[in-house]
Amino acid sequence: MATTIESRIQELGLTLPPIPGAAGSYEHAVLQDNLLHVSGGLSFSEGRSIKGKLGVDVSLEDGQEAARICLLNRLAVIQGAIGSLDRIQRIVSLQGYVQSAPDFVDQPAVINGASDLAIQIFGDAGRHARVALGAAALPLNAAVEISLVVSVRDEA
Amino acid sequence: MATTIESRIQELGLTLPPIPGAAGSYEHAVLQDNLLHVSGGLSFSEGRSIKGKLGVDVSLEDGQEAARICLLNRLAVIQGAIGSLDRIQRIVSLQGYVQSAPDFVDQPAVINGASDLAIQIFGDAGRHARVALGAAALPLNAAVEISLVVSVRDEA
Amino acid sequence: MATTIESRIQELGLTLPPIPGAAGSYEHAVLQDNLLHVSGGLSFSEGRSIKGKLGVDVSLEDGQEAARICLLNRLAVIQGAIGSLDRIQRIVSLQGYVQSAPDFVDQPAVINGASDLAIQIFGDAGRHARVALGAAALPLNAAVEISLVVSVRDEA
């Protein structure tokens with residue numbers, strides 16, 4: 001039986017990817033008190049991996065898709081860490097790093113790909129504080145990297 | 001009747017700007033337990049907007065002013081979120097992103113513009129942990145972007 | 001009498017450096033509730049300071065050493081802030097900023113220098129959530145900058 005949030009993701013025509021392999025010696029997520037600290041995830045999926053720099057190699061539309069890919073693999077990580085996305089009380093903050101040419105200035109529009117999707121999936125609980133900025137380079141040439149802090153309900 | 005912190009801001013000859021428009025699909029700030037997570041704010045104000053790269057287009061002095069502009073619009077956001085700056089218990093951490101030419105290395109001196117002002121306004125409660133780093137590019141070509149985490153007292 | 005964690009550091013043939021001077025108007029660390037927010041530290045030590053860009057001036061091996069230098073000076077800061085490294089309950093999150101040429105994409109391997117050392121020293125308590133990304137420039141031309149959030153036990 002699908003949970004409410006998982007049903008919502010299906011209704012949107014989306015599926016959670018498998019949890020990605022870690023790119024280094026870190027945990028996907030650490031729960032401290034009621035806050036889950038989620039590691040940075042890259043714009044790679046089984047279907048499509050979006051690499052390169054906004055302003056040079058990657059269009060705004062592809063950058064927004066890259067941000068959505070990051071959010072979905074972060075949700076897969078959260079599901080793996082706490083068992084169900086229904087335990088998310090609030091997406092507290094989202095940090096969005098956009099691999100950017102020196103003159104690219106539309107990082108907010110890129111990261112909106114993830115922010116808008118979070119609100120579509122979680123409603124008001126998906127509304128978050130945010131930082132969006134341009135990185136000179138990102139791991140494995142990812143176009144976008146996103147990390148999150150989410151608050152978590154006790155298990156039912 | 002002005003509050004203590006608002007009086008202090010006036011004494012310094014400064015005024016809080018209006019809350020800036022959000023550059024994307026995010027909240028200005030999210031309160032989780034007693035911590036307020038404040039989104040990244042840019043070096044734009046009604047009076048002056050400071051754009052470009054430190055080391056190329058923007059002088060150190062203007063970079064410091066850019067950091068002060070960011071701090072003041074973050075304080076406006078905090079006032080809007082929790083009603084009064086007197087509810088700030090501590091500025092816990094400040095993240096300062098400086099749009100930097102590849103050879104610019106004075107990010108700490110730039111962000112001191114915000115850090116020094118925080119201490120002038122809040123005294124010891126304004127003393128914070130900090131990260132300062134160089135971004136390849138920033139939203140809307142801002143010279144500086146600053147985000148904060150502050151701890152908040154219960155309402156009186 | 002050395003504490004357990006300090007003994008472990010000695011067994012690894014390492015020594016904690018003196019607490020570095022602050023590069024600006026910030027605190028080395030701020031304790032809020034049971035979380036210690038540790039400021040960004042640079043890849044400088046008395047023995048060796050590693051400067052420049054990965055992908056241009058700095059080899060992967062030197063980048064990993066730079067990350068280890070950052071972690072060790074962060075541990076010195078934590079020891080100064082809370083008295084003993086034995087009070088660390090968990091390294092919750094680690095933010096790793098790598099000064100990167102635009103085409104350098106091995107930030108995770110660089111920051112593994114710090115992550116692997118954290119696990120060597122603290123065991124499972126050193127396993128953390130992580131962000132690793134490429135910065136266009138870093139303070140004082142540091143090759144690597146690392147900040148941390150750690151949870152802290154009450155004093156015995």
Side-chain angles (χ1 to χ4, degrees), chain A residues 20-44 49 51-57 70 74 77-78 81 93-104 131-150, chain C residues 32-37 53-56 64 67-68 71 88-120 122 124-138 146-152:
Chain A
S25 309
Y26 57 88
E27 301 293 297
H28 285 304
V30 170
L31 185 62
Q32 175 65 39
D33 302 321
N34 64 330
L35 285 186
L36 187 70
H37 299 255
V38 182
S39 291
L42 306 175
S43 50
F44 303 156
S49 293
K51 300 186 176 191
K53 287 192 202 309
L54 275 285
V56 181
D57 315 307
C70 291
R74 295 306 82 197
V77 156
I78 294 170
S93 67
L94 182 155
Q95 295 76 42
Y97 307 104
V98 178
Q99 194 191 149
S100 297
D103 60 350
F104 182 76
V131 174
L133 60 96
L138 285 177
L140 313 181
N141 199 26
V144 176
E145 176 173 5
I146 286 179
S147 61
L148 298 166
V149 176
V150 305
Chain C
Q32 175 64 39
D33 301 320
N34 64 330
L35 286 185
L36 187 71
H37 299 255
K53 287 191 202 308
L54 273 286
V56 181
Q64 292 170 328
R68 281 189 288 269
L71 184 73
I88 294 181
Q89 183 181 71
R90 181 79 186 255
I91 298 181
V92 174
S93 66
L94 182 156
Q95 295 75 43
Y97 307 104
V98 178
Q99 194 191 149
S100 297
D103 60 351
F104 181 77
V105 301
D106 286 339
Q107 289 84 13
V110 171
I111 300 300
N112 280 353
S115 294
D116 289 341
L117 181 56
I119 297 167
Q120 281 187 289
F122 293 96
D124 283 348
R127 296 184 183 277
H128 47 268
R130 192 175 92 177
V131 174
L133 61 95
L138 285 177
I146 286 179
S147 61
L148 299 166
V149 176
V150 305
S151 62
V152 173

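For the numbers below, each heavy atom of this structure counts, side chains included, while hydrogens, waters and symmetry mates do not. Every chain is numbered from 1 and lettered A, B, ... according to where its sequence line falls, protein lines coming before strand lines. Remember, predicted model here, so these are calculated numbers, not experimental data.
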- Option that, when pairs with chain C are counted at under 4.5 Å, heavy atom only, ranks first among Ser100(A), Pro102(A), Ala29(A), Gly40(A): Gly40(A)
- Does a side-chain heavy-atom distance below 4.5 Å link Asp106(C) with Leu54(C)? no
- Message: When you compare the side chain of Val131(A) with that of Ser93(A), does any pair of heavy atoms fall below 4.5 Å?
- Response: no
- Message: Less than 4.5 Å to any heavy atom of chain C: does that hold for the side chain of Gln95(A), its backbone, both, or neither?
- Response: neither
- Query: Do Gln99(A) side-chain atoms and Gly52(A) backbone N/O form a donor-acceptor pair below 3.5 Å?
  - Reply: yes
- Message: Please check this pair: side chain of Lys53(A) against backbone of Phe104(A), looking for a donor-acceptor N/O pair closer than 3.5 Å.
- Response: no
- Task: Report yes or no: does Ser39(A) contribute a side-chain atom to a donor-acceptor pair with the main-chain N or O of Arg130(C) at less than 3.5 Å?
- Result: yes
- Select one option (side chain, backbone, both, neither) describing which atoms of Asn34(C) are under 4.5 Å from chain A's heavy atoms. side chain
- Item | Option in Ala135(C), Ala118(C), Ala132(C), Ala136(C) with maximal non-hydrogen atom pairs under 4.5 Å from chain A | Ala132(C)
- Interface moiety of Arg90(C) toward chain A, non-hydrogen atoms closer than 4.5 Å: side chain
- For Ala137(C), is it the side chain, the backbone, both or neither that has a heavy atom under 4.5 Å from a heavy atom of chain A? neither
- Taking heavy atoms only and a threshold strictly under 4.5 Å, list by residue number the residues of residues 109-117 of chain C that touch chain A; give 'none' if the list is empty. Asn112(C), Ser115(C), Asp116(C)
- Task: Counting only heavy atoms closer than 4.5 Å, note whether Leu133(C) contacts chain A via side chain, backbone, both or neither.
- Result: both
